[in-house]
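Chain letters run A, B, ... following the sequence lines, proteins first, then strands; residues in each count from 1.
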Amino acid sequence: MTNSTKFTPKKAFVNSPASNGPPPASSPNGTGLPSTAPAGPLANGKPTPATLPDPDKYATVPRQHEAERKRLPIYGARQAILDAIQRNASVVIVGETGSGKTTQIPQFILEAGLAKYGGIAVTQPRRVAATSLARRVAEEVGTPLGKRVGYTVRFDDKSSPSTKLKYLTDGMLMREILSDPLLHRYNYILLDEAHERTLRTDILFGMLKEIQQTRRQMCKDRKAQWYRQRVSDEARRGSGPPAEANGTDLDLGEHAVGGAVSTDAAETISAGNGQPRFVHELKIIIMSATLDAERFAAYFDHAKILYVAGRQFPVRVYNSLEPQTDYLDAAFVASLQIHTEQGPGDILIFLTGQEEIETLEKLLTDHRALLPRDAADILICPLFAALPPAQQAKVFNPAPPNTRKIILATNIAETSITLPGIRYVLDTGVHKARGYNSKVGIESLLVEPISKSSARQRTGRAGREALGFCYRLYTEDSFMALEEDSVPEILRCNLAAAVLQLKAAGVRDVLRFDYMDRPPKLALLRALEQLYSLAALDDTGALTKLGTWMAEFPLDPCYAKVLYESRALQCTTEIIDIISLLSVDNLFVAPFHKREEANEARNKFISPDGDHLTYLNLLRAYQAVKGDIRWCHENYVNARGIQHALEVRKQLRQVCTRVGMDPNVSCGVDLDRVLQCFVTGFFHQTALLQPDGTYKSVIGSQFVRIHPASTLFNSRREAILFNELVFTTKLYVRGVSAIQANWIPEASPNYLKRGQPKSKLAPSSSIE
DNA sequence: GAGCACTGC
């Protein structure tokens, strides 16, 4: 791919024109973005000197970090933000990293006493963000974590009845909607990182918009009801209509009922239990890091938009002068050029995956010896999700003296992990992206160009601590040709799980649901069809009892169906164990230089019947040594992964017990039943061996290959089932087990005989 | 012969 002559650094870069060069002074983010954001910490509507209820009277110890808080760019905009929030049902706040919007805005609301009728929820796409933000804010507020400020993420709940401000994952808020459909416990919901457009934030957009409308209507109805009651009371007493609401005007405005009702809340006439209950409007605050706020604002009924300056240093952007035919080679040359010619500061290189990272790691390691004797040394740090945690942690260690760190990372460094000390970013302009073709039901994982907003996000990674430099390994024309934003996840994934969630939350017509970006009709129909074939929906499209049962579990519908059938097949213990392990991406670790040993270790657990029973063997072996970490190390088992699987297992067992299903029913050594059980959820993901030794999928008649990481790679069995069908370099099936061909029609007679589901599929056993 | 990143009562 390269040779040592290319070590001579070529001048690949030039300071590009103003649009990409050093940003104008008015650009608050330093990334050279168009300066649509007005100058100053915040500008949009002047601050109004409204009198506010007394500040945080609940603090139990003196507030911490007060001086720090006041230095945050957002602090000066406090009053204007509060003003906008009070006057608008929905507000969009655009603020770059470092503006403090996520930690401060909820505190402003708390301190101002605005969350009168319920709590404040702040959603995050990632667990670590939710927990660390809550920890930080609890410290600033000066109360123990889990009291006034807390968090809720899967497996970990640090909240209590006294929690007023709660950070939670977006998935967790979705689950809360299932038990509290109008989210009455919240007065304010802040959706953070909205620009990431994860599947869950997008679904939440629609759900929250509906909840907001419903609550607003309820509020109006309650007020009207209250007024009518007053009128009839007064009439009975023989006096005129209530003085504060003469004529037909039913809007009670600021007139309080018992001193507690304002424009955005109304007391219920009767709350059944005699306790006064308040219906209050839901305030929605969308927080985004990109300047594309108009779309969010338009979606949320012309929400007010506020811009907040970030605390980001300027970053000089350089584009490649000519297109690079080999971005990996270009990254190699450019990184050495920076190392030999530029001042101190670590280099972050964005690549697409493990293989590229390991290739470049080897190239750089080989050339390290050729560095001039007087030059600084380099330390190469790979960073990707599948990397064992101990090695991942190395990127946070400061480099030894006179050494420059070169971090080779995937997308993980774009949003999930923030690295200190980066002054130089090398952007290849590509990433690996998941896709889904709903026509043929095939997932894909392919290298694609990134979007402009992604490129800006990568650029920003160079300016967190000082003036930075970003080298884009593509021309300025190529940059201009990139899509403005990445395709939202909802447009490129299987929607079965999301549709099941929507149905469970009471959305009857998922085709007409108010999506910010509406998925193609075909994708929604395919999801409905899949749920119907699993008997989660009846032939009117309504949720069946089984469907309701399935939605209780934090599982994809196929797995929930398998779990359900395990009762009839008496193998619930085994199914829970296997499903838990399947939720771990990299159960076996394979360090770069120890592939052979790792494979050998895995062979100890292999079941001839495939991956599912191999996983079961692994768990049994792990339990036999009582979860010894050393054992994990010796056997190349991802200890953290298996720990996670055990938490999933515990949770699944709890939910099972809650819904009246015994998790301890085991099939003993009759493991055929386990695989039969899997077929009940995966009959549409099966393939039959062909005379020429290839496999052809039962649905769609696609030629598929068994993935090399599967234990059944290179083996020939009559029929197989698979959990995933992914196109990468070839069309691969992953998570594969051998089955008997006659199990397939048995598992779903109606579906497969007719090719398309036409009649209602009854669950194979009943639910009480 | 190969694995972007997240998440869930």
Spacing between [X] atom [atom1] and [N] atom [atom2], to the nearest angstrom:
X       : N      : atom1 : atom2 : value
E358(A) : dG1(B) : CD    : P     : 18 Å
L178(A) : dC9(B) : CG    : C1'   : 10 Å
D170(A) : dA5(B) : CG    : C1'   : 14 Å
L168(A) : dT7(B) : CG    : P     : 13 Å
I490(A) : dA5(B) : CD1   : P     : 23 Å

Over all strands shown, is [X] touching base, sugar-phosphate only, or nothing at heavy-atom distances under 4.0 angstrom?
X       : value
E552(A) : sugar-phosphate
D156(A) : nothing
A433(A) : nothing
S416(A) : sugar-phosphate
L445(A) : base

Quiz prompt | For DNA chain B, the residues among residues 120-133 of chain A that have a non-hydrogen atom under 4.0 Å from it | solution =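 Within this stretch, P125(A), R126(A), R127(A) sit under 4.0 Å of the strand.
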Quiz item: Near DNA chain B, under 4.0 Å by heavy atom, which residues of residues 640-658 of chain A?
Solution: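 Within this stretch, Q651(A), V655(A), R658(A) sit under 4.0 Å of the strand.
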Quiz prompt | Pairs satisfying salt bridge (Lys or Arg N to Asp or Glu O under 4.0 Å), at least one member in residues 446-455 of chain A, at least two apart | solution =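 Counting only pairs at least two positions apart or across chains, the salt bridge (Lys or Arg N to Asp or Glu O under 4.0 Å) contacts touching residues 446-455 of chain A are K452(A)-E484(A).
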Quiz item: What salt bridge (Lys or Arg N to Asp or Glu O under 4.0 Å) pairs are there with at least one residue in residues 641-661 of chain A, not counting sequence neighbours?
Solution: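 Only E552(A)-R658(A), D577(A)-R649(A) qualify under salt bridge (Lys or Arg N to Asp or Glu O under 4.0 Å).
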Of all the nucleotides listed ([options]), which has the minimum atom distance to the side chain of [X]?
X       : options                : result
F384(A) : dA2(B), dA5(B), dG8(B) : dA5(B)
R200(A) : dG8(B), dG1(B), dT7(B) : dT7(B)
R434(A) : dG1(B), dG8(B), dA5(B) : dA5(B)
E489(A) : dA2(B), dA5(B), dC9(B) : dA5(B)

Quiz item: Taking only residues two or more places apart in sequence, or in another chain, which ones meet E574(A) in a salt bridge (Lys or Arg N to Asp or Glu O under 4.0 Å)?
Solution: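 If we apply the salt bridge (Lys or Arg N to Asp or Glu O under 4.0 Å) test to E574(A), skipping adjacent residues, there are no hits.
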Exercise. With sequence neighbours excluded, tell me which residues meet salt bridge (Lys or Arg N to Asp or Glu O under 4.0 Å) with D556(A).
Key: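 Once residues adjacent in sequence are excluded, D556(A) has no partner under the salt bridge (Lys or Arg N to Asp or Glu O under 4.0 Å) criterion.
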Check this one for me: any side-chain N or O of [X] less than 4.0 Å away from OP1 or OP2 of [N]?
X       : N      : answer
H707(A) : dG1(B) : no
T728(A) : dA2(B) : no
T410(A) : dA5(B) : yes

Exercise. Considering only NZ, NE, NH1 and NH2 on the basic side and carboxylate oxygens on the acidic side, decide whether R492(A) and E443(A) come within less than 4.0 Å.
Key: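 E443(A) and R492(A): not salt-bridged.
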Quiz item: Got a salt bridge between D662(A) and R567(A), using NZ or NE/NH1/NH2 to carboxylate O under 4.0 Å?
Solution: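 No, this pair does not count.
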Quiz item: Distance only, no hydrogens: is a donor on one side chain within 3.5 Å (strictly under) of an acceptor on the other, for T352(A) and H431(A)?
Solution: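 There is no such pair (donor and acceptor under 3.5 Å, judged by atom type) between the side chains of T352(A) and H431(A).
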Practice problem: Assess the side chains of T152(A) and D157(A): does a donor N or O sit below 3.5 Å from an acceptor N or O? | Solution: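 Yes, because at least one side-chain N or O of T152(A) sits under 3.5 Å from a partner of the opposite role on D157(A).
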Quiz item: Are R135(A) and Y151(A) in a cation-pi contact, defined as NZ or CZ under 6.0 Å from the six-membered ring centre and within 45° of the axis?
Solution: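 Verdict for Y151(A): no cation-pi partner in R135(A).
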